[in-house]
Amino acid sequence: MIGLGRFGWHLAEALTRLDHQVLAIDRDPDQVQRWAPYLDRVVQADGTEEAALRQLGVDGFRRVVVAIGASVEASILTVLALTEVGVPQIWARATSNKHAKILDSVGAHHVIFPEAETGERVAHLIVSRMLDFIEFGDDFAIAKVPVPPSLVGRSLRELTVPERYGVMVVGAKLPGERFRYATPDTVLGAQSVLIVEGTIAQVQSFAALG
């Protein structure tokens with residue numbers, strides 16, 4: 001992980017909770033001191049310097065995330081340095097489409113837009129009854145939605161959801177139970193929660209049912 005701003009810190013912390021060892025690098029000594037107690041290894045270094053990366057053993061990592069957002073130049077130079085040391089997978093944060101194109105051209109394998117992706121997701125949640133929403137490419141989405149009141153007490157077999165509503169119900173959480181795979185015999189109780197998949201429009205329409 002190179003860059004311990006807000007995004008970099010949250011990502012590093014999440015990876016640590018998932019039992020992955022994280023080497024975090026930042027050129028700012030204050031950031032290094034701030035986060036050192038919470039991560040496996042935090043080092044003050046310049047991620048744009050190929051020699052520094054080799055000295056830290058970054059060339060032995062399979063994946064490196066460039067989480068720098070404040071400086072486009074530093075972000076690009078860091079990706080270049082990682083390319084030179086031969087990191088197999090470079091994930092890089094972009095702050096604009098132009099920035100993303102440059103990162104891609106200099107060797108980033110995956111470019112992410114955390115602010116734009118979060119904004120898109122929150123917008124869908126604000127204007128709908130969905131409890132969570134993940135959009136994929138090609139107009140496809142998976143969402144967590146409360147059971148529409150009109151469907152309470154009925155089974156998925158009876159409702160023929162794919163044919164009538166266009167979405168596929170893949171999971172259900174009944175009151176007091178854990179999430180489980182949905183089957184045609186699953187009966188939708190009041191206050192149940194469903195995991196559905198389909199096009200964005202289909203998912204939105206299903207979530208809006210009364």
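Considering only heavy atoms from C-beta on, L56 comes within 4.5 Å of R41 through its side chain. At a threshold of 4.5 Å between non-hydrogen side-chain atoms, the residues S155 and D185 do not count as touching.
Grouping the Ile, Leu, Val, Met, Phe, Trp and Tyr side chains by contacts below 4.5 angstrom, directly or via other members, places V22 apart from F61.
The only option from V65, V79, L11, V66 that meets the side-chain contact (heavy atoms from CB on, under 4.5 Å) definition with W91 turns out to be V65.
In the displayed structure, Q21 atom CD is contacted under 6.0 Å by at most 12 heavy atoms of other residues, nucleotides or ligands. Annotation for Q44: atom CD counts as buried by contact number, over 12 foreign heavy atoms lying within 6.0 Å. By the neighbour-count criterion of 12 heavy atoms within 6.0 Å, atom OH of Y38 is sparsely surrounded, having that number or fewer from other residues, nucleotides or ligands. Atom CD of E158 has more than 12 heavy atoms from other residues, nucleotides or ligands within 6.0 Å. Other residues, nucleotides and ligands contribute over 12 non-hydrogen atoms within 6.0 Å of the CD atom of Q89.
Without hydrogens or angle criteria, T78 side chain to A74 main chain gives a donor-acceptor distance under 3.5 Å. Listed for the H20 side chain is no donor-acceptor partner under 3.5 Å among the backbone atoms of L15.
A salt bridge does not link E177 with K173: none of the charged nitrogens is closer than 4.0 Å to a carboxylate oxygen.
A donor atom on one side chain and an acceptor atom on the other are found under 3.5 Å apart for T199 and Q202.
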- Task: Test side-chain hydrogen bond (donor to acceptor under 3.5 Å, both in side chains) on D46 and T48 and set out the steps.
- Result: CA-CA 5 Å; D46 186 347; T48 67; 2.7 Å; yes
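Distance check: H99 NE2 to F113 CZ gives 9.0 Å after rounding to the nearest 0.5 Å.
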